[in-house]
Asks: 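Below is the structure I would like to discuss, written out as structure tokens.
Protein chains get the first letters and strands the later ones, always in sequence-line order, with residue 1 at the start of each. Because the structure is a prediction, the values reported are computed rather than measured.
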Amino acid sequence: MDIAPLPIGFYARSTIDVARELIGCHLVRRVGGRLLVGLIVETEAYLPRGDSASHGYRGRTNSNASMFGRPGLSYVYPIHAKWCFNVVTDREGVPAAVLIRGIEPSLGIAAMIRNRGLTTAGGVIASGPARLCQALLIDRSFDGWDLTVGRRLWIQSGDKDRGSFRTIRTPRIGVTSAQHRRLRFVRVANG
DNA sequence: AAAACGATCTACT
DNA sequence: GTAGATCGTTTTG
């Protein structure tokens, strides 16, 4: 695994490209001296124009401001008393982001289970946008966080072992508008 | 100031 | 499958 965070150039591209290529990358959280790492397996693209499901669709507000920020920042928003984590894409000034919907824990699994407050083993650890935030201790304080610095929270490129998995596209979850668009990306094992 | 809503989750049947 | 919890943001009065 690389030790460098993905650079701003990775994020400063079309949102769909970023959403697809984030699949298979590693989401890394450093808390204290410990690393919590998971493989990104599910993302959703929220597009800068014509996407009525996007929080940025109706213009800039205080709460969605970081979605309009520099690519490579994070956008963390509240939903139903939980948090969800996005990475900002495209260029500064347009509302574009990729929602990270699921990771497969690879390091610090015991800590993630603890963070989730799970009572039963074998439960879902970090699949689902709010569960992932709970497992990695991501909250609103990370809204606007710079993911390209490699401190506290960042993303690293994954094994470029394409061939071990493929990425499929489906409609987004819980989105009532724009159902015809397949903007959700899911990692599926080959075999 | 109050109420409604939401890119959700858990627990239970 | 369904019901209820949860709380910041937005809208309404």
Asks: For the side chain of A:H55, starting at C-beta, report the closest nucleotide among B:dA7, C:dC7, B:dC9.
Replies: B:dA7

Asks: Nearest-Å distance, CZ (A:F85) to P (B:dC9)?
Replies: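 Rounded to the whole Å, the gap is 16 Å.
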
Asks: Is the distance from OP1 or OP2 of C:dG8 to the nearest side-chain N or O of A:S63 less than 4.0 Å?
Replies: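 A:S63 to C:dG8 OP1/OP2: no side-chain N or O under 4.0 Å.
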
Asks: State which residues pass side-chain contact (heavy atoms from CB on, under 4.5 Å) with A:F68; sequence neighbours excluded, sorted by chain then number.
Replies: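 Once residues adjacent in sequence are excluded, the partners of A:F68 under the side-chain contact (heavy atoms from CB on, under 4.5 Å) criterion are A:R60, A:N64, A:P95.
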
Asks: Take atom OH of A:Y75 and atom P of C:dT9, then tell me their distance rounded to the nearest Å.
Replies: 10 Å

Asks: Just by distance, do the side chain of A:R131 and the backbone of A:S127 share a donor-acceptor pair under 3.5 Å?
Replies: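 Checking the backbone N and O of A:S127 against the side chain of A:R131, a donor-acceptor pair under 3.5 Å is found.
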
Asks: What nucleotide among B:dC9, B:dG6, C:dG8 has an atom nearest to a side-chain atom of A:P78?
Replies: C:dG8

Asks: Measure the distance from CG on A:N64 to P on B:dA7 and round it to the nearest whole Å.
Replies: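 A:N64 atom CG is separated from B:dA7 atom P by 12 Å.
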
Asks: Would you please determine if the base of B:dA7 is stacked by A:Y77, with stacking meaning a centroid separation under 5.5 angstrom and planes under 30 degrees?
Replies: no

Asks: Any sub-3.5 Å donor-acceptor pair from A:R116's side-chain atoms to A:V124's backbone N or O?
Replies: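 Yes, the answer is positive, given that a donor and an acceptor are paired below the 3.5 Å cut-off.
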
Asks: For B:dT8, does either OP1 or OP2 sit under 4.0 Å from a side-chain N or O belonging to A:R101?
Replies: yes

Asks: Between P on B:dT8 and CZ on A:R131, what's the gap in Å once rounded to a whole number?
Replies: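 It works out to 11 Å between those atoms.
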
Asks: Does A:R184 have a side-chain nitrogen or oxygen under 4.0 Å from the phosphate oxygens OP1 or OP2 of B:dA7?
Replies: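 No, because none of the side-chain N or O atoms of A:R184 sits under 4.0 Å from OP1 or OP2 of B:dA7.
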
Asks: Calculate the interatomic distance between A:W83 atom CH2 and C:dT9 atom P; express it in whole Å.
Replies: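 Those two atoms, CH2 and P, are 6 Å apart.
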
Asks: Is the distance from OP1 or OP2 of C:dT10 to the nearest side-chain N or O of A:T61 less than 4.0 Å?
Replies: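 Indeed, a polar side-chain atom of A:T61 lies that close.
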
Asks: Take the protein atom CG of A:N86 and the nucleotide atom P of B:dA7, then report the distance between them rounded to whole Å.
Replies: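 In whole Å, B:dA7 P and A:N86 CG are 12 Å from each other.
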
Asks: Counting heavy atoms from C-beta on, name the nucleotide in C:dT10, C:dT6, C:dG8 closest to the side chain of A:H80.
Replies: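 Selected nucleotide: C:dT6.
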
Asks: Look at the side chain of A:D90 and the backbone N and O of A:T15, then say whether any donor-acceptor pair between them is shorter than 3.5 Å.
Replies: no

Asks: Atom CD1 of A:I173 and atom C1' of B:dA7: how far apart are they, to the nearest Å?
Replies: 10 Å

Asks: From B:dC9, B:dA7, B:dG6, pick the nucleotide closest to the side chain of A:A130?
Replies: B:dC9

Asks: Side chain of A:A81 only, heavy atoms from C-beta on: which candidate in C:dG8, C:dT6, B:dT8 is closest?
Replies: C:dT6

Asks: Mapping A:I79 and A:R58 onto DNA chain C by nearest heavy atom, which one lands closer to the 5' end?
Replies: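 Its nearest nucleotide being more 5', the pick is A:I79.
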
Asks: Could you please name the option among C:dT6, B:dA7, B:dC9 that lies closest to any side-chain atom of A:L99?
Replies: B:dA7

Asks: Within the distance-only criterion (no hydrogens, no angle test), does the side chain of A:R29 pair as donor or acceptor with the backbone N or O of A:L153 below 3.5 angstrom?
Replies: no

Asks: Excluding sequence neighbours, so at least two apart, what forms side-chain contact (heavy atoms from CB on, under 4.5 Å) with A:L35?
Replies: A:V28, A:R30, A:V37, A:L107, A:W154

Asks: Do A:I100 and A:N86 have side chains that get closer than 4.5 Å, going by heavy atoms?
Replies: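 Not in contact.
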
Asks: Tell me: NZ of A:K82 to C1' of C:dC7, nearest whole Å?
Replies: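 In whole Å, C:dC7 C1' and A:K82 NZ are 10 Å from each other.
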
Asks: Is the A:H55 to A:Y77 ring centre distance short of 6.0 Å?
Replies: yes

Asks: Note every stem involving DNA chain C: at least three consecutive Watson-Crick or G-U wobble pairs, i with j then i+1 with j-1, with both distances under 3.5 Å.
Replies: B:1-6 with C:7-12, B:8-12 with C:1-5

